[in-house]
> 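Questions regarding the structure given below will be posed in turn.
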Amino acid sequence: MTAPKQDSVAQNEASYDPTAIERKWQERWKAHSTNSPDLDRAPKPFYQLMMFPYPSAEGLHIGNVFAFTGNDIHGRFQRLKGNNVFEPIGFDAFGIHSENYALKVGIHPMELIPRNIENFRRQLRRVGLMVDWSHELSTTDPDYYKWTQWIFLQLMNRGLAYRKKAAVNWCPSCKTVLSNEQVVNGACERCGTPVEQRFLEQWFFRITDYAQRLLDDLDWIDWSETTKTAQRNWIGRSEGAEVRFRVGDEEIAVFTTRPDTIFGATYLVLAPEHPLVSTITTRSQRGTVDAYVTRTAKQDLVARKVTEKEKTGVFTGAYAKNPATGKDIPVWIADYVLMEYGTGAIMAVPGHDERDFQFAEKFGLPIVRVVAGEGDDASAPLTEAYTASEGVRLVNSGRFDGLSVEEGKRQIVGWLETEGAAKGTVTYRLHDWAISRQRYWGPPIPVIYCDDCGVQQVPEKDLPVVLPYVEDFRPDDSGVSPLARHEEWYRVPCPECGKMARRETDVSDTFLDSAWYFLRYPSTEFDDRPFDAARTRRWLPVNSYIGGNEHAVLHLLYTRFVTMVLHDARHLDFEEPFRKFRAHGLIIREGAKMSKTKGNVINPDEYIERWGADTLRTYLMFLGPFEEGGDYREAGISGVRRFLDRLWASVLEMRSDGAPDASVMRKLHQTIRKVGDDIERLSYNTAIAAMMEYMNALRSNERTPHRAEVVPLVQLVSPFAPHLAEELWERMGHDVSVFDSGWPAYDESQLVEDEIELVVQVNGKVRGRVRVPREIDRDAALSAALSEPGVAKFVNGEPAKVIFVPGRLLNIVVK
RNA sequence: GCCCGGGUGGCGAAAUGGCAGACGCGGGAGACUUAAAAUCUCCUCCCCGCAAGGGGGUGCGGGUUCGAUUCCCGCCCCGGGUACCA
């Protein structure tokens with residue numbers, strides 16, 4: 001790669017010097033508050049939100065620059081369209097990621113984080129974003145997390161926060177509880193250590209109460225389809241039935257999505273943790289069952305969740321009555337049945353479920369066929385689970401024989417309901433949100449435990465519960481937060497009775513910090529309320545939200561949940577926070593993912609110095625489709641710089657005398673339309689290509705462009721290369737910011753050509769092109785086409801058929 | 001396994017039923033220059049052909065259509081997510 005030479009010979013007043021220009025305009029924007037809209041009076045508010053970054057010690061990543069630039073271009077475009085755009089930024093600086101790094105380098109996070117943030121600010125400013133820095137926030141600021149704690153209390157007030165002793169994922173290396181989401185293939189997502197099971201008293205949010213609403217709203221919000229699908233899968237709605245099986249005096253409820261197969265249910269399986277296990281186990285089986293239960297409890301979740309492993313399980317000695325067949329079937333326990341899903345018990349239908357089939361084969365349990373396809377012998381033994389459900393019928397199911405799966409479900413559930421043995425029901429895969437973290441670097445959960453009064457909220461007037469500075473913030477394997485080692489901090493009077501009590505020493509999940517930050521941005525200057533009602537009414541919900549797809553489930557789901565709760569508590573008048581969400585792609589480098597270990601991480605500073613922020617911005621957007629990401633290769637950047645150089649030269653050389661060229665102007669109007677349309681749908685790479693194409697027309701054959709041909713191009717380029725555009729705009733004699741100049745309009749009449757090139761095909765193969773008037777009709781087009789010798793020679797005699805697409809193409813079909 | 005993406009020149013990529021390869025990189029030839037850089041102009045999917053022209057071509061195999069990179073069916077490969085979820 002060669003950078004443009006900056007030697008003294010080439011250097012003159014007329015050459016494009018991004019370093020000087022970018023510094024000048026960044027200072028100017030700051031001095032004039034160019035990027036701060038009037039939050040109280042803006043007539044056309046437009047909230048352009050970007051997922052805020054985690055301020056890592058490594059500094060801004062090229063992927064951040066890519067994402068922020070894509071967001072900024074959309075925001076700047078909206079401003080040019082006449083909107084009052086609010087583009088805030090902040091830092092998601094709490095959490096295990098920061099804390100682990102602080103532990104590694106041995107610097108306290110309270111010193112480290114401000115340093116990192118300062119570095120991020122410096123780098124972000126250099127990118128030239130239209131950020132309103134006067135509304136910056138950090139989740140670690142007590143003025144911010146005061147309200148994170150307040151939100152916790154709002155959930156508590158609505159009965160949506162509860163404590164339970166739960167089997168949690170425990171990372172023995174990070175020494176903390178992980179959410180299910182932070183466990184990747186049974187291992188900690190941060191350090192890769194296999195996760196173990198531990199039982200701790202935890203705070204949970206009842207997000208499952210909102211499962212259906214979270215699902216239903218997906219039908220109307222304007223989000224990337226991929227993100228919506230990911231959320232639907234995560235919520236995991238299953239329709240089925242809860243069927244009750246009698247076991248002596250007890251009843252075992254199972255959840256099934258295939259009630260139609262109940263005649264093939266030849267045994268039941270309970271999760272080892274199921275509360276009825278000890279009740280129903282017979283004396284002779286007690287020893288075996290207890291041993292199995294104990295073994296499962298000790299087993300870590302990794303080992304348990306490996307699908308491929310041999311099925312294990314033991315017989316309880318008890319029998320249940322199948323309500324459909326009336327037969328007694330054995331009750332087993334096995335670790336392939338999970339207590340967290342459904343009812344923690346299943347009816348096993350080995351003939352039509354792969355897992356049940358494996359289990360039945362291993363333990364010699366009966367396998368009965370109750371579903372058969374066309375031509376299948378209903379009495380022949382099955383050699384594998386038959387799971388087809390389309391185009392099949394029920395067999396060996398008494399009076400339900402011959403029904404389809406759908407009809408069978410309906411009729412069998414109906415029948416069992418009248419017998420009082422079942423009811424139709426819906427189950428979700430989504431679990432409640434575990435909030436507690438036994439760590440230091442987070443907002444303390446604002447509750448106090450009093451021996452007499454029980455769980456007490458910290459009164460709102462006492463918020464924030466400030467996270468104290470403690471030297472020793474390293475977690476140990478006691479399972480409690482490092483704060484629990486500081487009696488001077490956790491011993492406080494009970495807010496109710498005044499007796500000495502104990503603070504909660506756990507802190508809350510980082511995802512709670514980020515679940516409401518967009519509400520805070522417009523209201524950062526208010527310290528007596530989390531978000532101002534009038535400001536919120538003016539600016540929210542967010543008009544456009546852009547972020548990475550790695551947050552497609554967790555962050556976006558939690559954010560929607562918190563918004564719904566605040567809506568229900570009448571703090572907000574909307575329940576969906578983001579009208580429009582689009583996920584950006586990932587930047588890779590020379591075909592590989594960037595990582596420190598590979599040594600292929602790109603430091604944006606270096607590129608900004610070498611090429612200028614405008615060139616880097618435009619190049620990143622030119623790499624590939626914004627929503628797919630792209631491959632960063634050194635080679636390509638020079639082409640973008642050349643384009644900007646040519647724009648610079650065009651402004652310096654342009655003439656004002658005479659008339660602009662008609663065909664160039666026509667091309668200009670087409671380009672204005674295309675660039676606007678493309679930016680609107682985030683197709684930045686093609687918008688840039690269109691501008692380059694126009695540039696080629698503008699400067700073809702070394703012609704000197706006319707002022708009228710150049711001025712709008714500077715406006716089109718401005719969202720991509722804002723500093724350069726401002727500089728050129730000023731040099732062209734304007735005294736307002738180019739961003740207040742309005743998006744150029746295009747002339748509809750200029751978009752269509754009077755004469756077009758009609759493509760002529762014979763049997764679908766292109767055989768020629770003819771220049772014809774745009775409005776030509778079919779017969780005239782045909783005779784024009786046949787007058788071309790290159791076409792005529794393929795047409796012998798009368799055409800069998802002629803397809804005419806006006807303005808485009810003529811296809812002559814001969815046999 | 002399941003669910004999402006994706007597979008097009010030497011490379012990044014365009015084209016959403018109508019001229020495949022826009023735009024850019026790289027490469028080639030030329031202009032300017034004492035020379036180089038920069039800049040500018042032209043060429044650049046593959047095969048046959050001096051040319052005119054012809055043939056082939058968007059992961060593979062089928063299908064629908066006057067016409068398919070695009071729609072449908074069946075596979076293969078790559079990336080991401082998810083996983084005893086009953």
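The analysis underlying the following values was restricted to heavy atoms, covering all of them including side chains, and did not include hydrogens, waters or symmetry mates. By convention in this document, chain letters (A, B, ...) are assigned in the order of the sequence lines, proteins followed by strands, and residues within each chain are numbered from 1.
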> What is the separation between atom CE on A:M695 and atom C1' on B:C40, rounded to the nearest whole Å?
14 Å
> Looking at every strand, decide which applies to A:R646 at a 4.0 Å heavy-atom threshold: base, sugar-phosphate, or nothing.
sugar-phosphate
> Any side-chain heavy atom of A:M51 within less than 4.5 Å of one from A:L556?
yes
> Mind checking if A:F794 touches a base, just sugar-phosphate, or nothing, with heavy atoms under 4.0 Å?
sugar-phosphate
> Could you state the CG-P distance from A:L616 to B:G24, rounded to the nearest angstrom?
20 Å
> Give one of base, sugar-phosphate or nothing for A:N549, where a contact means two heavy atoms less than 4.0 Å apart.
nothing
> Rounding to an integer number of Å, can you tell me how far A:M691 CE sits from B:A22 C1'?
15 Å
> How far, in whole Å, is B:C4 from B:G56 if one measures between their P atoms?
37 Å
> Can you tell me the distance, in whole Å, between the CD1 atom of A:I252 and the C1' atom of B:A86?
15 Å
> What is the nucleic acid contact for A:E693, judged by heavy atoms within less than 4.0 Å: base, sugar-phosphate only, or nothing?
sugar-phosphate
> Quickly work out the A:Y684 OH to B:A13 P distance and round it to whole Å.
18 Å
> Is the shortest side-chain heavy-atom distance between A:D614 and A:Y16 below 4.5 Å?
yes
> Hey, does A:R642 reach any base, or is it just sugar-phosphate, or nothing, if we go heavy atoms under 4.0 Å?
sugar-phosphate
> Do A:F255 and A:I346 have side-chain heavy atoms sitting under 4.5 Å apart?
no
> Give none if B:G1 has no partner; otherwise give the nucleotide forming a Watson-Crick or G-U wobble pair with it, both distances under 3.5 Å.
B:U82
> Does A:K674 reach a base, just sugar-phosphate, or nothing at all? Heavy atoms under 4.0 Å.
nothing
> Identify whether any heavy atom of A:L623 sits under 4.0 Å from a base atom; if not, whether one sits that close to sugar-phosphate; answer base, sugar-phosphate or nothing.
sugar-phosphate
> Tell me if the side-chain of A:R633 makes a donor-acceptor pair with the base of B:C11, cut-off 3.5 Å, by modelled atom types.
no
> Once hydrogens and angles are ignored, does a donor-acceptor distance under 3.5 Å link the base of B:G80 to the side chain of A:E550?
no
> Please give, in whole Å, the distance from B:A15 C1' to A:D678 CG?
12 Å
> Need one value for A:V805: base, sugar-phosphate or nothing, where a base atom within 4.0 Å counts as base even if backbone is also close, heavy atoms only.
base
> Taking the nucleotide of RNA chain B with the nearest heavy atom to each, does A:N233 or A:G630 sit closer to the 5' end?
A:N233
> For A:N685, answer base if it contacts any base atom (sugar-phosphate contacts may also be present), sugar-phosphate if it contacts only those atoms, and nothing otherwise; contact means non-hydrogen atoms under 4.0 Å.
sugar-phosphate
> With a non-hydrogen cut-off below 4.0 angstrom, is A:S238 in contact with a base, only sugar-phosphate, or nothing?
sugar-phosphate
> Do A:F263 and A:V368 come close enough that some side-chain heavy atom pair is under 4.5 Å?
no
> Here's a test of your reading of the structure: between A:T256 and A:G639, which maps to the more 5' nucleotide of RNA chain B?
A:G639
> Please give, in whole Å, the distance from B:G5 C1' to A:K228 NZ?
17 Å
> Once you round it to whole Å, what is the distance between P of B:G80 and CD1 of A:I587?
16 Å
> Using purine N1 to pyrimidine N3 plus N6-O4 or O6-N4 for Watson-Crick, or N1-O2 and O6-N3 for G-U wobble, each under 3.5 Å, what pairs with B:G18?
B:C66
> Just checking A:R232: base, sugar-phosphate only, or nothing, at a heavy-atom cut-off of under 4.0 Å?
nothing
> Just to verify, what does A:H274 make a ring-ring contact (aromatic ring centres under 6.0 Å, His included) with, not counting sequence neighbours?
none
> Pick out which of A:K311, A:E384, A:E310 makes a side-chain hydrogen bond (donor to acceptor under 3.5 Å, both in side chains) with A:Q358.
A:K311
